[in-house]
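Inspection log for the structure reproduced underneath, given as structure tokens.
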Amino acid sequence: LADTKIARTLHIDLEVPWFLDSFGIDRGAVLNLEAEQKFGRAKFVAHIPCSLKYAALGEQTVPRLQAVMEFGHGLFFNREEAGNDFLVDMANDNGYILTAM
């Protein structure tokens, strides 16, 4: 991560309804229509850029929060991709919170 541009990173572990036929990083998982009562664990990361921290503290006026951006590749690969320097720069410059699962 571009440490000087990220004020806070949150790593969250949630219990969620699970509609796939397996748990974990199995890339062959398929939708299971009989899974209404199953629950699984999903991990989530959120990167809060320094620009939003400073705006919240009144130390600068722009950018204010413009969007929460879900970086979709994490759903199929790795949450760390949301910490890519290009995405961090874009989030810090434009007032985005970066998220990934």
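Quantities reported herein were computed from a predicted structural model and do not represent experimental measurements.
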Next on the checklist: Taking side chain to side chain contact (heavy atoms under 4.5 Å, CB included) as the criterion, tell me which of Leu87, Thr99, Asn84 meets it with Phe71.
Outcome noted: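 In the set Leu87, Thr99, Asn84, the residue that makes a side chain to side chain contact (heavy atoms under 4.5 Å, CB included) with Phe71 is Leu87.
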Minimum heavy-atom separation for [X] to [Y], with atom names?
X	Y	result
Ala82	His47	O-CD2, 3.7 Å
Thr4	Cys50	O-SG, 3.3 Å
Arg64	Leu52	C-CD2, 3.6 Å
Gln66	Asn94	CG-O, 3.0 Å

Next on the checklist: With a 4.5 Å cut-off on side-chain heavy atoms, are Arg41 and Glu15 touching?
Outcome noted: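 When only atoms from C-beta onward are counted, Arg41 and Glu15 do touch, with a gap below 4.5 Å.
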Next on the checklist: Donor-acceptor check, side chain of Asn92 to backbone of Ser51, threshold 3.5 angstrom: yes or no?
Outcome noted: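 Yes.
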Item to check | Distance in Å, Ile6 CD1 paired with Lys53 NZ, rounded so as to fall on 0.5 Å steps | outcome: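 Answer for the CD1-NZ pair, Ile6 versus Lys53, is 12.0 Å.
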Checklist entry - Rounded to the nearest 0.5 Å, what separation is found between the NZ atom of Lys5 and the CG atom of Asp93? => result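 Taking NZ in Lys5 and CG in Asp93, the distance rounds to 6.0 Å.
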Next on the checklist: According to side chain to side chain contact (heavy atoms under 4.5 Å, CB included), who are the partners of Ala67, at least two apart in sequence or on a separate chain?
Outcome noted: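 Listed in chain order: Tyr96.
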In this structure, would [X] and [Y] fall into the same cluster of hydrophobic residues linked by side-chain contacts under 4.5 Å?
X	Y	result
Val45	Leu14	no
Val16	Leu10	yes
Leu65	Ile48	yes
Met69	Val88	yes

